[in-house]
Amino acid sequence: MAYRDTTLQGISPVDAGRKVRLAGWVAGVRDHGGMVFFNLRDRYGVVQVTAGSQPPGIMEAARQLKPEYVVSVLGEIRPRPAGLANPGMPLGSVEIAAEEIEILNPSAPLPFVLAEGEEVSPAMRMKYRYLDMRRPAVRDALLLRSKTAMEARNFLASKGFVEVETPMLTRSTPEGARDFLVPSRVHPNTCYALPQSPQLFKQLLMIGGFDRYFQIVKCFRDEDQRADRQPEFTQIDVEMSFVVADDVMAVAEELALQLLSKIAGATLPSPLMRMKFSDAMNMYGSDKPDLRFGLEIADATACAAGCGFKAFASAAAEGGVVRGLRVPGAAGWSRKQISEVEDAAKKAGLPGLAVFKAEASGLASSIAKHFERSSLESIARALSAGPGDLLLLAAGRKKTVSKGLGEVRLKIGRDSGLAKPGDFKMFWIVDPPLLEYNEEEKRLDAVHHPFTMPRPEDVPLLDTNPEAVRAQAYDLVLNGHEVAGGSIRIHRQDLQEKVFGLIAIDKATAREKFGFLLEALTFGAPPHGGIAFGFDRFVAMLLGTDNITGVIAFPKTTRAFCPLTGAPGPVSDRQMEDLGIAWRDASRKGEMPVDGNE
RNA sequence: GGGGUCGUAGCUCAAUUGGUUAGAGUAUCGGACUGUCGAUCCGAGGGUUGCGGGUUCGAGCCCCGUCGACCCCGCCA
């Protein structure tokens, strides 16, 4: 006997009278003494099963059922009696009149209730993820992810891209994130590293002649976690030969737009806007601004000299800036709202916020008396203030002020509901700098990665003013999140060595760590470039959430711990011996992260 | 590495200023009930207040440490 002959996808109200055998989970039993109801749930839906006086014994069988028992039910699909349909259920107009109920497996009481709307702590949901995913919200997120991956794969295949797998056991390379390491047994005192991305392999594939490659691939970075960062995550990785930036961007843009349209039903205007990196930093204080709302940053430095207010005047005199946000119609904000914004500014690293209310008679503020009247007028003009607006200004170093105001902007925009669910604002950030100065390390770092091609007209600047060199790189930004990023790569050995030199990777190190790439570049490497989508982030965006754990089947906590499996866990002495390694602090051997609530 | 919020019954939460025996909903167990669908009604059991220390006549509450969860900064080419 088969467990089932159809699923809840395979039945509909027009099937009334048909006898079916269904299998699934019991979701709630309602025992009325002379009549028993329960819901049967499978991957596709929920249907009500009834057990009454006929056939004999069926009611007693139904009475044995408890939540999450696995059952196989034989019964007839019947329309529900008049007035008893459940409009909240897709199959609410029918029910299954049970004739046979077989318990395939009972279930212990669950550690938490699966009902919709019941909040359960994230750690609990992770520990029992296999139960959590029985809930429609989690199930639907994973289904959406699968559908998105399928669409992406079909799209890229249709464009002639070849899917190639690259190694998970590779070698550690300097720069970038911390590697996850895998000690080698066969080669004592060496480690593989898990790939932070397939970057070098996809470049080698281009050199190997696969002019269009893609892969939906796991990447690993051992850095501290965030809501949108997991230690292992998935990229849609793409690389193309004989292309310029526009070619790569065109493919990526079409893919992103198609996914948004097919999966989220959102049609965005095409082609997407392109914003210069420097403009983004100036206007929004961010390299990934959320454009679902305006609130651009305006400059008022010119009004600051001689304005009378010391913090402003000295900032201007010392080469700093005075910049501000105009919040339309926010002059009526409460003391509390303003103080929340001031707190956010402090957290964002701003020394303080000068707050003005724009009134018909001019700018009003507790600090207005420190300003020359004409300065207040020019500040109002600089920020295009109109009556009813709230002005928030900060003074100091340009980078600090812009970044700080950018964060304040984000808080105001998101808190005041300017970013609406279902609203998608996607665009490109282009022309970022190739290099930036790393204060801590006292040297230059690659902004994107060290294989990024400078803009040809900027190449001479590598010798004179490297920080002014712009990269042929591009980021795709969706609702304030970087969902994809890529670049044209360096395909000439001499230029690659030069860039390594600038970011303080000396020739010997470069030869040792990247020798295989440098050598490959000498054997007829075609011009090439590519892009990688942060797949988890993108799916999360399609779903309208910021947290990627919701779209990952088995996510880890913010401390990279898996409450389900207990990973990372201790290993045996024997395993350590095989690998020829020992823990530096043997007293902590076998220490395992534990749930502090237990 | 740093900042913030939090940790009380299986789960989600409450507990006035530090004051008697730590409560509620839900889940679990037992009973009633023929149209429920978050069933309802009656009853029962269920607690080392994350862990360790301190202050106090007295600590769920205050202090110190520690473990853990989440959010953020640093970090994440």
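So that the names make sense, note that chain A is the first sequence line, chain B the second, and so on, each numbered from 1.
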State which of G35(B), C71(B), C76(B) makes the closest approach to the side chain of R221(A). C76(B)
My understanding is that a pair needs two contacts under 3.5 Å, Watson-Crick or G-U wobble. By that rule, which nucleotide pairs with A69(B)? U5(B)
Minimum-distance nucleotide (side-chain atoms of R80(A) versus C75(B), G35(B), C70(B)): G35(B)
Going by an N to O cut-off under 4.0 Å, is there a salt bridge joining K346(A) and D343(A)? no
Which is true for E436(A) with a 4.0 Å heavy-atom rule: it touches a base, it touches only sugar-phosphate, or it touches nothing? nothing
Are any of K556(A)'s side-chain N or O atoms less than 4.0 Å away from OP1 or OP2 of G68(B)? no
Any pair with a residue in residues 479-512 of chain A that passes ring pair (Phe, Tyr, Trp, His ring centres under 6.0 Å), sequence neighbours left out, goes on the list, sorted by first then second residue, please. F500(A)-F514(A)
Pairing partner of U55(B) (Watson-Crick or G-U wobble, both distances under 3.5 Å): none
Side-chain polar contacts of residues 222-230 of chain A - donor-acceptor pairs under 3.5 angstrom, sequence neighbours left out - could you list them?
from	atom 1	to	atom 2	distance (Å)
E223(A)	OE1	R178(A)	NH1	3.4
E223(A)	OE2	R178(A)	N	2.9
Q225(A)	OE1	Q230(A)	N	3.4
Q225(A)	NE2	E223(A)	O	2.4
R229(A)	NH2	D224(A)	O	2.6
Q230(A)	OE1	K556(A)	N	2.8
Q230(A)	NE2	K556(A)	O	2.8

Considering only C70(B), C75(B), G35(B), which nucleotide approaches the side chain of L84(A) most closely? G35(B)
Using a cut-off of less than 4.0 Å, is there contact between a side-chain N or O of R226(A) and OP1 or OP2 of C73(B)? yes
In B/S/- notation (B base, S sugar-phosphate only, - none; protein heavy atoms under 4.0 Å), nucleotides 39-44 of chain B written 5' to 3' is B-----
With R455(A), which residues qualify under salt bridge (charged side-chain N to carboxylate O under 4.0 Å, His left out), at least two apart? D431(A), E457(A)
Counting Watson-Crick and G-U wobble pairs only, both distances under 3.5 Å, name the nucleotide matched with A24(B), or none. U12(B)
Output a table of nitrogen or oxygen pairs between the protein and nucleotides 9-11 of chain B separated by less than 3.5 Å.
from	atom 1	to	atom 2	distance (Å)
G10(B)	O2'	P111(A)	O	2.9
C11(B)	O4'	P111(A)	O	3.1

Please classify the nucleic acid contact of K66(A) as base, sugar-phosphate, or nothing, using heavy-atom distances under 4.0 Å. sugar-phosphate
Looking at T558(A), does any N or O in its side chain come under 4.0 Å of the phosphate oxygens OP1/OP2 on C70(B)? yes
Of all the choices, C70(B), A69(B), U36(B), which nucleotide is nearest to the side chain of N547(A) once you look at every atom? C70(B)
Taking side-chain contact (heavy atoms from CB on, under 4.5 Å) as the test, write out the residues that go with S278(A), two or more places apart. K276(A)
Counting the atoms with a prime plus P, OP1 and OP2 as sugar-phosphate, which does Q225(A) contact under 4.0 Å by heavy atoms, base, sugar-phosphate, or nothing? nothing
Who pairs with C37(B) - Watson-Crick or G-U, where each distance is under 3.5 Å: none
Listed partners of R409(A) passing salt bridge (charged side-chain N to carboxylate O under 4.0 Å, His left out), at least two apart: none
Assess the side chains of Q215(A) and T166(A): does a donor N or O sit below 3.5 Å from an acceptor N or O? yes
Please, which pairs that meet ring pair (Phe, Tyr, Trp, His ring centres under 6.0 Å) have at least one residue in residues 33-67 of chain A, sequence neighbours excluded? H32(A)-F37(A)
G68(B) phosphate, OP1 or OP2: any side-chain N/O from R559(A) under 4.0 angstrom? yes
Strand partner of G18(B), provided both Watson-Crick or wobble distances fall under 3.5 Å: none
Going by side chain to side chain donor-acceptor pair (under 3.5 Å), name the residues that satisfy it together with E99(A), two or more places apart in sequence or in a different chain. K19(A)
Does the distance from a Lys or Arg side-chain N to an Asp or Glu carboxylate O, for E482(A) and K288(A), drop under 4.0 Å? no
